[in-house]
Protein chains: 2
Amino acid sequence: MAKHDPDLNLLFHALSDPSRRMMLARLARGPAPVSELAAPTGLRLPTVLRHLSVLEEAGLVATQKDGRVRSCQMLPEGLSPMRDWLEAQREIWEGRLDRLDDYLNEIMKEWPDDTRS
Amino acid sequence: MAKHDPDLNLLFHALSDPSRRMMLARLARGPAPVSELAAPTGLRLPTVLRHLSVLEEAGLVATQKDGRVRSCQMLPEGLSPMRDWLEAQREIWEGRLDRLDDYLNEIMKEWPDDTRS
DNA sequence: AATAAACTTAGCCATTTGGCAAAGTATGTC
DNA sequence: GACATACTTTGCCAAATGGCTAAGTTTATT
């Protein structure tokens, strides 16, 4: 399928892996070097590095090198596209409920009061 | 990594594909048969069927067969684990800001008023 | 200068994913 | 009963994913 929303693809994909969510959870508490991100996952560094780059490409994390250690920090605004999608979804859903409501009201008008039990 | 949260894995993975999001968007407007779900994606039925099963396993969609047509509907509460995760993430983040705030207040106390420019 | 630390790159491997065509099944319609 | 509909199953394929080891590279430390 044509990718009309690369943001959401990358974002949801980044969040679909538990190791990456674990790394993010650590970063939500504050910046950390790569090896500290790796610790709770039990994964090797090369693997963690690749997860990290997925998080970066999704716009969830930024990193910079300080001497020989790479410091990583979370970008909380990276979650916005997801919030927006969720909101849009909710609106469609509510629009649907509104139309159902209209419909029911329309039906009710057909029934005079005295036909109700 | 041990999968401590199969819900979130399946949910985020389900949402990471644009065809699946397209199908969901259609379903948010109301129930539909498989072929109607397929139409906007431009994909063949077998492919759509597999996307559909991914959505079902993620708890986002329920289907049932009515004669020879399978009717699909969205389960909006299927998005709850995602909302919860988002909320938890926000709380960690805010807890962090609170601690930063505490810290700054602590620093400020050290400085008498008349040292400020 | 030698060693240790902290990544980084390269390359391999098994599994999963996302797509398809072809053939099969079940259910309406004429 | 013949035929069309609407899936459904099977099986194939290429690319992406997630993991690893081994071998760099770039900074500290001693």
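In the text below, chain A, chain B and the rest are named by the order of the sequence lines, each starting its count at 1. Just so it is clear, the structure is predicted and the values come from calculations on it, not from any experiment.
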Separation between [atom1] of [X] and [atom2] of [Y], rounded to the nearest 0.5 Å:
X	Y	atom1	atom2	value
B:His13	A:Phe12	NE2	CZ	12.5 Å
A:Arg26	A:Met22	CZ	CE	13.5 Å
A:Met23	A:Leu60	CE	CG	11.0 Å

Would you say A:Asp66's side chain and A:Val69's backbone share a donor-acceptor pair under 3.5 angstrom?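 Not at all, since once roles are kept as given, no pair shorter than 3.5 Å links the two residues.
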
With the sugar-phosphate defined as primed atoms, P, OP1 and OP2, and the base as all remaining atoms, what B/S/- string results for nucleotides 9-17 of chain D, 5' to 3', for protein heavy atoms under 4.0 Å? B-------S

Give the rounded distance in Å between these two atoms: [atom1] of [X] and [atom2] of [N].
X	N	atom1	atom2	value
B:Leu43	C:dG18	CG	C1'	9 Å
B:Met22	C:dG18	CE	P	14 Å
A:His51	C:dC7	NE2	C1'	17 Å
A:Gln64	C:dC7	CD	C1'	15 Å

How bent is the helix from C:dA1-D:dT30 to C:dC30-D:dG1, measuring the angle between the end axes built from five pairs each, rounded to 10°?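 Angle reported: 20°, given to the nearest ten degrees.
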
The side chain of [X] lies closest to which of these nucleotides: [options]?
X	options	result
B:Val69	C:dA5, D:dC7, D:dT21	D:dC7
B:Arg68	C:dA21, C:dG28, D:dT27	C:dG28
A:Arg44	D:dT21, D:dG19, D:dT8	D:dT21

Are [Y] and [X] linked, directly or through intermediate hydrophobic residues, by side-chain heavy-atom contacts shorter than 4.5 Å (ILVMFWY only)?
X	Y	result
A:Leu10	A:Leu49	no
B:Leu75	A:Trp93	no
A:Val54	A:Leu37	no
A:Leu52	A:Leu15	yes
A:Trp85	B:Leu11	yes

Around atom CZ of A:Arg83, are there more than 12 heavy atoms of other residues, nucleotides or ligands at under 6.0 Å? yes

So, is B:Lys65 near the phosphate of D:dT8, with a side-chain N or O under 4.0 Å from OP1 or OP2?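 Yes.
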
I want to check one thing: is the phosphate of D:dC20, taken as OP1 and OP2, less than 4.0 Å away from some side-chain N or O of A:Thr47?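 True: A:Thr47 side-chain N/O within range (under 4.0 Å) of D:dC20 OP1/OP2.
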
Using a heavy-atom distance cut-off of less than 4.0 Å, which residues of residues 29-37 of chain A contact DNA chain C? A:Pro33, A:Val34, A:Ser35

Closest-nucleotide mapping onto DNA chain C: is A:Arg70 or B:Val54 further toward the 5' terminus? I mean the 5' end. A:Arg70

Would you mind reporting whether B:Thr63 and B:Gln73 have side-chain heavy atoms less than 4.5 Å apart? no

